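See below for the structure under consideration.
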Amino acid sequence: MRTLPVTVRDGRPTKMTWNRRTFSVDKIVDHWRESGRWWEGEGLCEFFLVHTIRGMFVLRFDPKKDRWYAKPVR
Amino acid sequence: MQSQSADTPRFVHLHVHSEFSFLDGASTLERLVRCAAEDGARALALTDHDNLCGAPEFVHLCQTAGLKPILGAELTLSTGHVTVLARTRKGFSSLCRLLTWAHLENERGKPILDEAKLLSYGEDLIVLSGCARSPLAELLRRKRFEQARAWVLAYRSRFGDNFFIELQRTLEPKSQNSHLISLAKDLRIPLIATNNVHYTRVELAEAQDILCCIRHLIRVDEPHEDRKINGELFLKSRQEMAELFADLPEAIENTWEIAARCEDYDISEPRFLPRFAFAGREAAGRQLCSLSFAGAKERYGEITPELKARLDHELAIIIDLGFADYFLVVHDLVQFAKRNRIRHAGRGSAADSAVAYCLDITKVDAFQRNLRFERFINPQRRLNLPDIDIDFDARHRDRVTEYVTGRYGKDHVATVCAFARFRARSAIRDVAKALGFAVTDIDRIAKTMHWATSAKGIRRAIERRPELRALKIPQRKFELLFDLCETINDLPRHISTHLGGVVITGDPIWEISPLQIAAKGVQIVQYDKDGIEDLRLLKLDLLCLRMLGAVEDSVTMIAKRDPVFDYDRIPCDDEPTFELVRSGESAGAFQLESPAQMSLHPRLKTSTYEDVVASVALIRPGPVKGEMVEPFIRRRRGLEKISSIHPTIDKILRHTYGVVLFQEQVVSIAIELAGFSPGQADTLRRTISHHRSEEKMKQLGEIFVAQAVSNGVERQIAQTVFSWLEGYAGYGFCEAHAAAFGDTSYRTAYLLKHYPAEFYAAILNNEPMGYYSEGTIVNEARCRGIQVLGLHIQKSHQDFTVENGAIRVGLKQVKGISESDLTTISERRPFASWGDFLQRASVSRDVIENLVLCGAFDCFQTNRRALLFSLGTYHRNVSQDNFLISSAESVEENIPDFTLYERMSHEWDILGFSPTSHPLQFWRKALANQGVFPNSEIKRIRSTRRLLRAAGWIIRPHTPPTKSGETVVFFSLEDETGLLNITVFPRIYERFGHLIFGQPLVVVEGHKDKRGANSLVANRLWKCPELSI
C-alpha cells in the first residue's frame, strides 16, 4: 500500500491523490475497521473500499501514524 | 417494563455472549449486568452459543441489579446461526428441549439443531435472523435473493410477529445490511438492532481474540474465519447504539418492544422434586417417620424420651419444609448400597442430623454429640433443599449412579456439570501457545505454578518464589502473556462433569435444563452446583472415596484370621491406637497422614476420639491462617488456662477447650446466649462466614449484644463473645463433617495399629490413594517390621495379599501385564519349572522379562540374569522351530547375576518399589561419612539444640496459607528407615526453595522442633551429592 494525501469530511474520505492526480471519491462501497497485529503493538486501522473515476481503491487510515494508504483493486 | 424519559434511547441489548460462550465471550455475567445497569438499561438478554449454562446466575444478577433478564441462546443450525429468546416459561422449556436435541443428536461438542425442529417445536420463542453467520446473511452473500426471501417468509409464517430481522453495524467488510434492510421493508418484517456483544469494553477485544485462537488451536499470526477483525463487539451504551442506528430508529425501538413482550417468568419454581413413590407430602412424611424410628431402635436399642424429642423435632422440620421425599430418595439408595455390600459414609453437614444417622445415611451420632440440626437444615431458608454428600467405595460408585438412573428413569436423572476455569497453569499453557512461545518455555513456567494458583497471581508468584526467579524470565515478551492470563483468569474454559453431583427431577429434566454429553460419556445438565441450588433442584453428591475400598479390602483380609472382627464396632477408646497417632507415625491412616497432621499429634498428645475429630478441623487453611492451632494445643495440654467467661459458653466450648472451632458452636452460642431462634442463628453463622463487610458485622454485633443483654448476660461478656465469633467463625469448620471424617480417621488408625499388614496391603490394592506412592507405603510397612514378600509366580495373586503376617506383592503390579496375562498365569499354575512356565503360559516376552527382573521366578532360579539369557535362547529356538524342553531348562550358571543395587533398580522400575530394599540404604555409609543420620535415629533424638543432618526424597511439599502471607513449607523426607517431617520457615525458604521444588533428593540440616513435634526445622538444604555404591 502507498501513502497518499486524502481529503476527509466527517471522518470519511471525499478526495484522494494518486499518481499526482487528485480526484473525488464517488462512492464509499464498504467501510470497516481492523485491529491489526495487536500482539506486535499495531493499532486499529480504518478501511474504505471506494469507487472513483480511476477505479476502485482500498484506502487505509492509520490513526497512530496519522497517515492514509491506498491500494488499487483490480 | 417502566417507560423511560423521552430523550433516553429505549434500547435493550438482545444478542449478548457471556463467559459461557466458552472460549468466545470475554466478560463475566457479573460485569455484563453491571455494565448494562450502569448505562441505565432496564433489561438485558443472554444468548450464549447453544447453552443456558449462565441462566440461573444471570437471572439472579439481573434481579439484584433491577434489570429484567431475557433468556435465550444463539442456536447453531446446519446453515448458520440464529438468535432465539424465550418469551415465556413455556418458551424456556421449549428452548431447553431444542438445545438438548442439538447436543444429543450430534457429535459431542458440536451441537447442531435440525432447522425443521426449530420450526416445528419452537413454542413461545422470539426469533432474530442472526449475525453475519446466519443462514440469511449467507444466502445474501451468495446473491441467492429468492431463497433468502423464502427463508424469511418461512420464519415469518411460523413465528408471526415474533420474528425480526437482525441488523449489526460492527464495521466488518462485506456487510449485507443494505440487502437486509431492503428485505425487511419489502416483506414488512420489523428490524432490530443488536451488537453481537462478546465483552463489556473495547479493551477486552484482545483477550477475546486470544480465546478464539485457543478454541481453534491456532497462533495469533494465523488467520481464521471465526476471528473478529476489530473490537466493535463491546456492550455499547444505549446512546452509542442510537447514534449508530440514527437512520433506523425503529430498529432501536423494537428492542424495547421485544423486552416488554417477554414475560417475567421464574425458572426456579419449586415444582421439580420427584415424588418418591407415594402420593402427597403426608404419605412421604409418615414413611419417613416410620423408617427413622425403626432405625433408631436398631442404633440405640431403647428410644429414650430425649432421643424421641430430638427425632420428632427434626422430622417436624423436614416434613414441614417438604423434604421428606428427599430423605426417602437418599435412604433408598443407601439401602441399595447396603444390599450390595458397597461401603458408604455420609459426610458434611448431613451428619448434624439424628434422622440421617438413624437412616444409616451417616455414621455420626448427632444425638449423642449434641450436634445442631439447624446447621444442616435451617428452617428459615425454606427454599433451599438440603445437600447430602455420601462417599462410596470408589470401585462401586458408578453402580450406585446407575441404580439411581434405573430407579427414576433416564429422563429424570442427569449428572451436574462443572466449569473448568482458567487458573495460572492452564492460562499460561493456552495463552503462551497462542502467542507462539516455545513448548519448552511454556512447560518450564507452567510447571512451577501450583495447580490452584489464580492467574492473577502469576506476576506475584514469579516475584516471590525463588524457584521461579531462577528461570530468569525476559521481561518484555512475558508482559503480554501475564496481562492476557490475568484478563482471562477464572473465565470458564470448558464444561465438564461434577465429581459426584446427580440431579433427580419430577418433571422431565429437559424441560428444566438442556442436556449434553460430557467427555466422560455421561449425560449432564448445563447447570453447575450453584445453578442447581439456585433452581432448587434435588441434588445428591455421590462421591468416590478410595479409602472405603481400602477399608472393605482390609476387613475381607482380616476376616481370614479374625472372623469376629467388626469394623463398625471398633471401640472408640483404644489406647494403642492413640499411642500410634501420638507418635506421628500414621502414614496411611485417613486424614492423619499429612506432615502437618503427623506434626500436630505429638504436640497435641492425642489421647481421645475427640482429639482426632478436632484435628480434622484444625489442620485446614482456615484455622492455620487464623492461628487457632496453637491456642487449642496449649489449652488441650493444660499449658494455658481456659478462662471461664459464662457458664453457657463454658458448656458449649468445653470439648474444644474454650476455642470456637466448629460452626455448630457459633449456632449454639447465638441460641443459648443471645436467644436467637435456630434459623436466625444459622443465618448469623452464614453471614459471619461469607459476608464480612464491616458495616454488616457491626450491625450483627449490635443485634447479638442487645439480645444477649436482654437474656440477662452482662454487656461486656456479650461483646467479648461476639469478638470471638467475629475472629473465629470465618475459619470455623463444620463439626458434623469433622466428626464424619474423624470417625474414619480413627478407625483406619485402629486398623493400622492392630492389622497393619492387612491395612497396608489393602491400601496398595486401592492405589492411587492420593497422598503417598506405593513405594512410600511399602517402605512404611517394612519400617514397621512387616515383611514384604516379592513376586512369586506360584504364590502371588493378582492383588497384594497377606501371607502369614507378611505382605505378598501382587502380579497386577508388574508394568505391562495385561488382564489376559493374569488370567493365564492364574489358570495354568502351578508350574513345575521355569521351562514348564515358558511352554504352558503364553505370556508376552516383555512381560516375562519383567517378571524375571522382579524375582517372580527366584523360586526356580535366583540368578535373574541367567534366566534372561535362557529366555533369549528359548525364544530363538522357538522361532527356529527347534524347541527342546531341555534347552529351556538349562540355565547358564556361569553368568554373573545382577548386583543387589541392579536388582533393586529393576524392581523400582517395574513395580514402582522394591519389596526388600530402598535406594538410600546403598548410600548410607557414604552419607554417614558426611554426618547424615538415618531418619529413625533422628526421631529418637530429644535434644533441640543439636545440629542434625538427614537425607532423602522429598515427598509432597506443600505451602499452607499463613496469616502473615509468608511462605512456610512442610514436607516429608523419606529414607530407608521411614519418613521424617521437615519444616522450612520463610527465611530458609527464600534461600533454598528452588531445591524443594526442583530436586528429588536432598540433605537437610537443622534442629529438632522445639514445639515437641517429632520433626526437623531446616536451617539449610543442599542437593544430595553424587554418591557411588
Side-chain angles (χ1 to χ4, degrees), chain A residues 1-18 23-74, chain B residues 26 132 141 168-179 195 198-199 201-214 218-224 227-234 236 243-244 246-247 431-437 476-485 487:
Chain A
M1 275 193 152
R2 262 199 264 167
T3 59
L4 75 169
V6 170
T7 305
V8 173
R9 194 193 304 155
D10 296 330
R12 298 167 82 77
T14 55
K15 282 187 188 160
M16 59 180 282
T17 302
W18 182 262
F23 40 89
S24 298
V25 169
D26 298 332
K27 188 179 172 188
I28 295 176
V29 175
D30 204 353
H31 168 216
W32 69 95
R33 281 189 192 141
E34 287 187 20
S35 299
R37 296 173 73 87
W38 53 265
W39 57 94
E40 288 174 359
E42 269 184 26
L44 195 71
C45 287
E46 206 94 11
F47 287 78
F48 297 89
L49 175 64
V50 300
H51 184 270
T52 73
I53 199 169
R54 294 291 180 140
M56 303 275 278
F57 288 86
V58 171
L59 300 179
R60 173 167 71 94
F61 177 65
D62 185 344
K64 257 190 181 176
K65 295 177 182 164
D66 195 25
R67 223 174 251 180
W68 284 90
Y69 302 83
K71 188 170 89 171
V73 177
R74 305 255 175 255
Chain B
R141 258 193 299 276
Q168 293 172 352
R169 285 177 170 167
T170 52
L171 292 172
E172 290 178 28
K174 299 182 187 165
S175 155
Q176 301 301 312
N177 280 348
S178 57
H179 293 302
N195 205 51
H198 278 66
Y199 34 86
R201 313 174 271 118
V202 66
E203 292 81 12
L204 292 171
E206 290 168 10
Q208 193 276 331
D209 196 28
I210 272 292
L211 290 174
C212 192
C213 292
I214 293 169
I218 58 173
R219 290 192 317 269
V220 280
D221 57 355
E222 293 178 80
H224 194 281
R227 291 179 70 181
K228 314 297 180 211
I229 65 164
N230 61 43
E232 290 296 314
L233 307 184
F234 61 98
K236 290 180 177 157
E243 284 169 10
L244 201 53
D247 59 323
V431 175
K433 197 170 168 188
L435 289 175
F437 277 58
R476 189 191 57 82
K477 191 174 180 187
F478 286 82
E479 284 296 328
L480 186 58
L481 172 66
F482 297 154
D483 285 341
L484 287 167
C485 287
T487 305

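Note that the structure is predicted; figures quoted are calculated from it, not measured. Proteins get letters first, then strands, A, B, ... in listed order; numbering begins at 1 in each.
Interface residue Glu172(B): only backbone heavy atoms are found under 4.5 Å from chain A. Contacts of Arg33(A) with chain B are made by both backbone and side-chain atoms, with heavy-atom separations under 4.5 Å. When heavy atoms are compared at a cutoff of 4.5 Å, Arg169(B) does not approach chain A at all.
To the nearest 0.5 Å, atoms CG (Asp26(A)) and CE (Met56(A)) are separated by 10.5 Å. Separation of atoms CD1 (Ile28(A)) and CZ (Phe47(A)) is listed at 14.5 Å; rounding is to 0.5 Å.
Residue Leu484(B) is tested with Leu435(B), Asp209(B), Leu211(B) for a side-chain contact (heavy atoms from CB on, under 4.5 Å); the sole match is Leu435(B).
For the pair Arg219(B) and Trp39(A), the cation-pi criterion (under 6.0 Å, within 45° of the ring axis) is not fulfilled.
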